[in-house]
Asker: 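Below you will find the structure I want to go over with you.
Residue numbers start from 1 in every chain, and the chains themselves are labelled A, B, ... in the order their sequence lines are given, proteins ahead of strands.
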Amino acid sequence: MVNLRRTIRREMWYILFLVPGVLLFTFAVIVPFATGIRYSFTNWDGISRKLTYIGWDNYVNALQDPDLWTVLGNTFKYAIMLTLLVNAISLLFALLLDSYLPLRNLFRTIFFLPSVISVVLAGFIWSYNYSQGFPRLLSYLGLDMTSPLGNPDHALIGLVIIAVWQGVGAPMIIYIAGLQGIPSELTESARIDGAGPFRVFRSVTLPLLAPSVTINMLLVLTGSLKVFDLVLVTTNGGPGFATEVIATFIYKNAFNSYKAGYGMALSLIFFVILVIVTVVQVSIFRKREVEM
Amino acid sequence: MNKKLSLGLIIAMLVVLLAACGGNKKENAASPTTPASASDSPATESASVPASEPAEPITISFMHFKSDATDGIAKIVEQFEAENPNIKVDVQPVKFDDYDTLLKTKLASGDIVDVFTLNSGGKTKLFKDGGYIEDLTDQEFMKTFDPGVLADQTTDGRNYIMPLNAGPIAVFYNKKIFSDLNIDIPTTYDALIAAAQKIKDAGKTPFALGWKDGWPLGMWLSRDFPSNTVLVEKQTDFFDKLEKGQAKFADNPATKTVIAHALDMFKYGNKDQLGVDYNGAVDLFAREEAAMMYMGTWPLPDIEKKNPDLYANGMGYFPYPFSNDPTLNKLEFNPDASIAVNSKSEHKEAAFKFLAYLASVPAANTWVENVKTLTYVKGASTDIAPAVTALKPYFDNGQLYNSQVYITTTIDWNTQFSQYVQKVFFKKATPDQIIKDLDDWVSKNHK
């Protein structure tokens, strides 16, 4: 009995320290989420002070909206390209920088640097590069280049390049950490058994790196599905909707078109899509992980 | 015992912390009226203030979308603060493309901006209907403005915004390129395009276009389209009907005209139009690589800095000929940033004082000198730049029109239209397709 009371008294501490966090979470996440759900059932224009409930109309309209499917297509195209590229490139860098490369700390810093600056700044830098810097540089070589961001066929690729440039840093660090967690005895014994470097990588390193792959794939994919700032500062969805992604689409509906209620409904649909993507992806990749 | 004591202490600290957080707002709001802060105000300054002035320093916030005119506005504010030592103005410049969103978010979340800029028309009506803006009709300072512009800017018969600056929006041209190629100033649309062809044949860029930013294309579109709709096609009630869902873009021949005009612009523009932003276009014009630029007067300070010679005598300005009937092609002239006062403002008196100052001749002159646009304040200077003096005959003969009063919609069709037109530029859609898409978009979003 005395023991129990002592335990409770000891646990009280933890609960006390949890209180501010829980309060913050409630007011900053749960309450806005709940009011958001409420708004999604109204035709609120974002300015007026009265709400009119219109039931499921917003959701029905959204699912019948061909634009929604176009922007979802753009979003997934961008996200899948980015996820594959970022992971391939950062894994490559990690393998290089984990080996005995001279100046590897310097290179690690260099590759990580772009992740430090803000996305908005990166967007400005690259808009300038694309429209002024590169064309001028290439004109010395007699080549003619126009900004990919100004052409609907290339704009999405242009964005992916910026995002890759900025996005390889963090996954690279995670991969390096993962690589360093692999015991060298395993790779050594594989080598003694006669495996070449590629074979060692495929049969030993990659399976043991699976947890890092899972987390990186997940982080990059969900992060790139939610892309907003980069698109807004570089192309604002243009030219001709070629780079309109779901986040900017929601933003434009809610603010430019004065349809905050509809925008909320779209965000909730997007939320559900994100949850599904995350769950499916994690379950697929978790299966491939091996225990050491 | 010791533990209990420290536990109690921590709880007490937490309570204090929470109370401090909660009470913070109230304290801040109350502080301007507390006697303590009143005594803080410099005694030397308050001596020069008339007795009727309130003794507490007040800060009013002023948010505007003329971020390219930040320096000029800072000068006006400086003068105002010197005359009213008790009022401080917190100026918040915002880029035009982001302005509406930020303003709406601030108002909706109860963050009060005391004074802000608004454009007349549908948007003012939305804010008026939401009860966010003060009725300015009976204010003394409104009398300094031309009654005609006040009549243009009414919302439901009252004035909720004060017109401030005004400007022609027309075509800057490079005099040297024009005279080298023997081009006269075009007075019809066909002549404009013929001139563009001549310039292109000579290996120069006819139009400097910075369409990477949303607003330059949007600005051109929102002038060419209503002008053609109302003046050429005589569909005077098109926008009223569009607002009510009774008119279609497909039934308005001006829609096709404006798309064709946009394609011409695109064809005769600098390369990579959608990769170059507004500043890039001004740069092209200032470097004399492009012969023409459709724009308001606001790039003038920039051009003066980059190419003083061009600014002083190398460039002219002519009305944009949107049609082939020279009598219709008058000079586009309309208000730009108009000022509104928040009806929830705690410092309305100070805000009105600020507006009254903006409406005064010295402030208007500072504005004209530094921002290089005209104002509606009677008696203010009109001497803004050599290029603009070329427009004097149009002012003298009253050959002015304001395309913006035709637009009576609260629907933001313009942004959508700009994006659709870009699809046509890159042959992703035909004009007929985008007209249909535009109608679908309006009917879907504004039932």
Asker: Identify which part of B:Leu126 has an atom lying under 4.5 Å from any heavy atom of chain A, answering side chain, backbone, both or neither.
Answerer: both
Asker: Less than 4.5 Å to any heavy atom of chain A: does that hold for the side chain of B:Asp129, its backbone, both, or neither?
Answerer: neither
Asker: Check each atom of A:Tyr251 against the heavy atoms of chain B and say whether the ones under 4.5 Å are side chain, backbone, both or neither.
Answerer: side chain
Asker: For A:Phe228, I'd like to know if atom CZ has over 12 heavy atoms of other residues, nucleotides or ligands within 6.0 Å.
Answerer: yes
Asker: How far apart are the closest heavy atoms of A:Gly150 and B:Phe426, and which atoms are they?
Answerer: O-CZ, 2.9 Å
Asker: Counting C-beta onward and ignoring hydrogens, is there a side-chain heavy-atom pair between B:Asp272 and A:Met145 closer than 4.5 Å?
Answerer: no
Asker: Could you tell me which non-hydrogen atom of B:Gln419 sits nearest to which non-hydrogen atom of A:Phe241, and how far apart they are?
Answerer: OE1-N, 3.0 Å
Asker: Does any heavy atom of chain A fall under 4.5 Å from the side chain of B:Trp211, the backbone, both, or neither of them?
Answerer: neither
Asker: For B:Arg287 and A:Arg136, which heavy atoms make the closest approach, and how far apart are they?
Answerer: NH1-NH2, 4.3 Å
Asker: Between atom CG of B:Asp440 and atom CG of A:Asp67, what is the distance when rounded to the nearest 0.5 Å?
Answerer: 9.5 Å
Asker: Taking B:Lys212 as the fixed residue, which of A:Pro239, A:Ser131, A:Ser127 is the one that meets the side chain to side chain contact (heavy atoms under 4.5 Å, CB included) rule?
Answerer: A:Ser127
Asker: For B:Lys306, does the NZ atom have more than 12 heavy-atom neighbours from other residues, nucleotides or ligands under 6.0 Å away?
Answerer: yes
Asker: Quick one: pull up CD in A:Gln132 and CG in B:Asp283 and give me the separation to the nearest 0.5 Å.
Answerer: 7.0 Å
Asker: For atom NZ of B:Lys106, decide whether the heavy atoms of other residues, nucleotides or ligands shown that lie under 6.0 angstrom number more than 12.
Answerer: yes
Asker: Within this structure, what is the CG-CG distance for the pair B:Asp98 and A:Asn236, rounded to the nearest 0.5 Å?
Answerer: 8.0 Å
Asker: In this structure, are over 12 heavy atoms from other groups packed under 6.0 Å from B:Lys344 atom NZ?
Answerer: yes
Asker: Can you name the nearest heavy-atom pair linking B:Gln422 to A:Gly240, along with the distance?
Answerer: OE1-N, 2.9 Å
Asker: To the nearest 0.5 Å, what is the distance between CZ (A:Phe124) and CG (B:Asp277)?
Answerer: 9.0 Å
Asker: Is it the side chain or the backbone of A:Asn151 that comes within 4.5 Å of chain B heavy atoms, both, or neither?
Answerer: both
Asker: Hey, what do you get for NZ (B:Lys271) to OG (A:Ser147), rounding to the nearest 0.5 Å?
Answerer: 10.0 Å
